[in-house]
There are 2 protein chains.
Amino acid sequence: MQDQRESGRHQVFEAIRNANQIARIDIAKATSISPASVTAITSELLSAGLIKELHPEPSPGSAKRGRPRVALTVCDNAFLIAGMKIADRQLSIVLLDFVGETVFEFTQPIPERRMATDELAKIVRDGLHAACAACERNMHDVAGLGLGMAGLIDAERNYIYWSPSLEARNVEFGAALAKVLPMPVFVDNDANLVAKAEQHFGEGRGETDFIVITIEQGVGMGIVIGNKIYRGERGCGAELGHTKVQLEGAMCRCGQRGCLEAYVGDYALLREASVHGQGLPHDSVAALYAHAKAGDATARSIFERAGRMLAMGLVNVINIFDPKLVILSGEQASLDFFDGDRLLEWVKSSVVQVDAPLPEIRVHHWGDLMWAKGAAAYAIEAVTRLKIKELSRDAA
Amino acid sequence: MQDQRESGRHQVFEAIRNANQIARIDIAKATSISPASVTAITSELLSAGLIKELHPEPSPGSAKRGRPRVALTVCDNAFLIAGMKIADRQLSIVLLDFVGETVFEFTQPIPERRMATDELAKIVRDGLHAACAACERNMHDVAGLGLGMAGLIDAERNYIYWSPSLEARNVEFGAALAKVLPMPVFVDNDANLVAKAEQHFGEGRGETDFIVITIEQGVGMGIVIGNKIYRGERGCGAELGHTKVQLEGAMCRCGQRGCLEAYVGDYALLREASVHGQGLPHDSVAALYAHAKAGDATARSIFERAGRMLAMGLVNVINIFDPKLVILSGEQASLDFFDGDRLLEWVKSSVVQVDAPLPEIRVHHWGDLMWAKGAAAYAIEAVTRLKIKELSRDAA
DNA sequence: CATATTTAATTTGTGTCATGAAAAAAATAT
DNA sequence: ATATTTTTTTCATGACACAAATTAAATATG
């Protein structure tokens with residue numbers, strides 16, 4: 001038994017986090033838990049320091065008379081949470097409070113692109129330490145660290161099948177980090193973390209089911225079904241970038257042929273440009289794009305074909321999942337390369353035709369720290385789960 | 001409240017159905033519900049007539065001494081369930097008892113390929129009536145009808161966006177059927193029903209997550225996640241057959257280009273054969289296959305390309321879902337056309353490479369009535385849910 | 001300014017339910 | 001015949017959600 005209470009606690013807490021601030025009676029309405037139970041549960045959460053009352057403010061929705069409703073909020077300073085993204089040559093770190101507000105941002109170069117396991121673990125540790133020091137916090141105050149990196153990762157086990165940042169394959173990275181860090185660490189694939197970021201801070205707020213597609217050097221996908229990230233059996237699903245769009249097609253950096261990434265990734269675009277010769281820049285996609293924009297037919301055709309391939313990938317995702325919402329997420333530049341309107345046109349005309357509204361496709365431009373914030377969001381979730389479970393244990 | 005009891009009832013019932021016959025104490029072990037609660041719940045189910053005790057048999061696992069365990073089974077004659085598949089020109093119907101044993105099989109031609117809504121509803125009604133009459137049962141004894149047909153269908157609403165069997169688009173077929181049939185009807189896409197059939201009677205028994213791919217005239221897919229069929233937002237997901245495998249590719253009967261089906265479907269194979277001329281048969285895939293088998297290089301290349309495209313589709317499914325199990329399901333013939341070993345070879349070499357066991361791929365040959373049995377399985381599930389909900393209501 | 005009214009939150013009592021422990025049941029072993 | 005073993009049922013307990021009643025805290029009203 002006792003699990004029903006735990007689920008109640010979760011529901012109430014999520015309602016509060018979701019609403020930002022909300023009176024007990026509205027929690028009752030939102031969760032359809034009785035006011036009596038809401039009182040019981042909130043008083044627990046209150047005394048555990050996870051939430052707090054927002055006294056003076058006249059909570060919104062309050063009527064003219066009657067006892068004023070007192071709003072509850074998640075206690076922002078309950079825990080300090082860290083999110084980290086390991087990129088090619090750079091470590092980005094954010095420290096968030098428990099409601100997800102940024103406390104501090106921090107960036108640090110990484111000496112090598114590819115490192116030994118313990119070495120990278122140390123880099124992570126030192127980076128977090130430095131970040132904490134820089135904002136005069138103690139690393140031991142950090143209640144949880146979310147860590148994102150490229151590669152094939154089984155998040156459940158903090159296990160890395162392969163990552164461009166690690167020399168070894170099949171690494172128990174969670175264990176390696178546990179040796180050097182005091183707080184629980186949650187490792188995940190970077191595309192999943194973008195999905196988390198969208199869910200908590202972005203276009204996915206309030207949505208229970210959606211798909212996030214990221215376009216950077218590669219193409220990534222995150223699948224959210226029923227508020228949860230779908231990970232597959234071995235934890236390495238959602239590899240849209242290595243979905244095949246052409247039989248015996250272009251060579252991909254994964255060593256196989258015909259992957260979507262091999263047509264849409266930046267290296268794919270540059271490869272085309274370099275083959276053609278004719279004075280097209282082939283060291284920067286932005287430069288190549290400038291040529292296309294200026295009217296160069298060859299450059300244009302390169303982006304056009306990539307766009308069509310991307311559309312194909314999107315169509316396949318939609319035909320398979322019939323999602324409610326697809327979020328194209330990435331930095332401004334990477335998304336601009338593909339003419340959005342034409343892309344949507346292609347997608348619309350190639351999707352299974354049904355007399356029902358098409359899935360919504362939203363484009364979302366993110367800054368540099370999206371990945372790290374997603375990692376932090378993931379950690380916030382995990383820490384919340386831990387703390388509420390603790391509460392349930394203590395009550396017993 | 002009271003939902004925990006309902007969930008308990010479901011768990012217990014599923015455990016019984018799953019095990020075929022099982023003693024209370026083993027139900028307790030299997031569900032980790034206490035023996036006390038199992039007693040309470042089973043006595044309810046018992047008095048509702050959903051299950052029965054299997055007295056005389058020495059239930060398996062019983063020890064030498066001690067009170068003998070008495071096994072429980074689902075009461076086979078609790079309800080009569082019908083499953084029906086509307087195919088091109090044929091109606092197949094099965095009547096199953098409540099444990100899924102076939103009571104009667106029945107087939108009837110359909111006059112037209114494509115009909116008006118009410119006309120088709122009448123065909124369904126008359127078919128069911130005839131089937132019942134043929135085995136001396138009353139149609140009113142049928143507690144539920146599962147109905148499968150090709151097309152884009154929102155099963156939740158018994159709503160048909162489009163079907164080759166219906167003249168109209170966007171049909172409230174559930175409502176049309178309710179007017180002429182006394183029992184609840186559950187309509188679904190045929191690929192989903194194959195998934196149901198696999199889950200209840202086939203290779204999916206005991207699996208919580210798997211993907212079924214059917215190869216017939218078209219290519220279909222059913223996705224089972226957490227024991228439930230994934231349907232997408234509008235109920236028209238899992239359209240693997242119209243996934244694009246070639247930019248600007250071959251014309252598909254859906255009017256678009258490059259669909260997987262346009263390379264793998266039977267009409268696609270015959271089209272190739274007919275274009276080439278050279279005395280290849282182009283009216284029967286079986287005949288074409290005989291040529292290939294006999295060594296005809298052109299015929300071979302037709303099947304080979306189709307096989308490669310099919311492999312591509314499978315690879316994409318695996319890369320996206322990272323499933324535990326994929327079931328290739330269909331009639332013997334349709335599967336034989338594609339050399340199984342080579343297909344698997346292609347799939348293995350094109351899937352994202354991880355040092356973890358590949359998803360299992362099982363091939364399952366089915367007879368003609370698979371579709372109807374899947375429909376019946378779907379109805380059994382739905383009726384069970386209804387009856388247990390009724391029980392919960394009555395208890396209140 | 002006292003009192004009514006209104007709305008929110010809390011308290012109280014009740015009923016449901018799962019469960020552990022004890023008892024009963026039903027067999028075999030001695 | 002009695003002990004032992006194993007399954008099932010009964011019983012008492014405790015957790016919990018909730019409806020109803022109560023309290024709290026504000027505004028409206030005369």
Side-chain angles (χ1 to χ4, degrees), chain A residues 1-12 15-16 19 21-47 51-72 391-396, chain B residues 1-12 15-16 21-47 51-72 388 391-396:
Chain A
M1 272 220 63
Q2 189 137 235
D3 294 36
Q4 74 202 294
R5 191 50 169 287
E6 195 176 319
S7 116
R9 267 188 275 257
H10 256 112
Q11 275 182 80
V12 169
I16 297 172
Q21 62 179 80
I22 184 173
R24 285 174 242 261
I25 192 159
D26 290 323
I27 298 176
K29 274 174 202 154
T31 60
S32 60
I33 290 173
S34 75
S37 302
V38 171
T39 292
I41 290 171
T42 51
S43 76
E44 270 184 346
L45 296 174
L46 227 29
S47 68
I51 61 173
K52 64 182 176 190
E53 292 191 330
L54 221 53
H55 246 136
E57 283 86 334
S59 34
S62 192
K64 278 106 242 298
R65 35 191 214 169
R67 176 173 177 171
R69 39 182 67 184
V70 5
L72 300 169
L391 244 185
S392 297
R393 246 209 325 282
D394 293 352
Chain B
M1 272 219 62
Q2 187 135 237
D3 292 38
Q4 74 202 295
R5 191 52 169 284
E6 196 176 317
S7 113
R9 268 188 274 258
H10 256 112
Q11 276 183 79
V12 169
I16 297 173
Q21 63 180 76
I22 184 173
R24 285 175 243 261
I25 192 160
D26 290 325
I27 298 175
K29 274 176 204 155
T31 60
S32 60
I33 291 173
S34 74
S37 303
V38 171
T39 292
I41 291 172
T42 52
S43 76
E44 272 184 346
L45 296 175
L46 228 29
S47 68
I51 60 173
K52 65 182 175 191
E53 292 190 332
L54 220 54
H55 246 138
E57 283 87 334
S59 35
S62 190
K64 277 105 243 292
R65 33 192 214 167
R67 178 172 176 170
R69 40 183 65 183
V70 5
L72 301 169
I388 286 184
L391 243 187
S392 297
R393 247 209 324 281
D394 294 351

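Computed from heavy atoms alone, side chains included, the values below leave out hydrogens, waters and symmetry copies. In the text below, chain A, chain B and the rest are named by the order of the sequence lines, each starting its count at 1.
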**Q** Can you check the B/Leu72 CG to D/dT9 C1' distance for me, whole Å?
**A** 14 Å
**Q** Whole Å only: how far is the CG atom of B/Asp26 from the C1' atom of D/dT8?
**A** 13 Å
**Q** From the list C/dA9, D/dT5, D/dA28, which nucleotide is the closest neighbour of the side chain of A/Ile25?
**A** C/dA9
**Q** Give the rounded distance in Å between these two atoms: CZ of B/Arg65 and P of D/dT7.
**A** 13 Å
**Q** Between protein and nucleotides 21-24 of chain D, what N or O pairs are separated by less than 3.5 Å?
**A**
from, atom 1, to, atom 2, distance (Å)
D/dA24, O4', A/Arg67, NH1, 3.3

**Q** Measure the distance from CD on A/Glu44 to P on C/dT10 and round it to the nearest whole Å.
**A** 13 Å
**Q** If you measure from CD on B/Gln21 to CD on B/Glu53, what distance do you get to the nearest 0.5 Å?
**A** 12.5 Å
**Q** Does A/Arg5 place a side-chain N or O at less than 4.0 Å from the phosphate oxygens OP1/OP2 of D/dA17?
**A** yes
**Q** Any chance you could measure B/His10, atom NE2, to B/Leu391, atom CG, to the nearest 0.5 Å?
**A** 10.5 Å
**Q** Look up atom CZ in A/Arg69 and atom CG in A/Asp26, then write down how far apart they are to the nearest 0.5 Å.
**A** 4.0 Å
**Q** Give the residues of residues 29-41 of chain B touching DNA chain D, defined as any heavy atom closer than 4.0 Å, sorted by residue number.
**A** B/Pro35, B/Ala36, B/Thr39
**Q** To the nearest Å, how far apart are A/Leu54 CG and C/dA8 C1'?
**A** 16 Å
**Q** Side chain of B/Ser32, backbone of B/Lys29: donor and acceptor closer than 3.5 Å?
**A** no
**Q** Rounding to a whole Å, what distance do you find between B/Ile22:CD1 and D/dT7:C1'?
**A** 14 Å
**Q** Using whole Å, report how far CZ of B/Arg69 lies from P of C/dT28.
**A** 15 Å
**Q** Please lay out, stage by stage, how A/Ile16 and A/Ile27 fare under the test side chain to side chain contact (heavy atoms under 4.5 Å, CB included).
**A** CA-CA 7 Å; A/Ile16 297 172; A/Ile27 298 176; 3.7 Å; yes
**Q** Distance from A/Arg24 atom CZ to A/Ile33 atom CD1, nearest 0.5 Å?
**A** 14.0 Å
**Q** Locate the shortest heavy-atom distance separating A/Ala28 from A/Ser34; write the atom from each residue and the value.
**A** CB-C, 4.3 Å
**Q** Just verifying a value: how many Å separate B/Ile22 CD1 and B/Thr42 OG1, rounded to the nearest 0.5 Å?
**A** 11.5 Å
**Q** Measure the spacing between CD1 of B/Ile41 and CG of B/Leu46 and express it to the nearest 0.5 Å.
**A** 13.0 Å
**Q** So, OP1 or OP2 of D/dT9: does either fall under 4.0 Å of a side-chain N or O from B/Arg24?
**A** yes
**Q** Choose from D/dT8, D/dA26, D/dA28 the nucleotide whose nearest atom is closest to any side-chain atom of A/Pro68.
**A** D/dA26
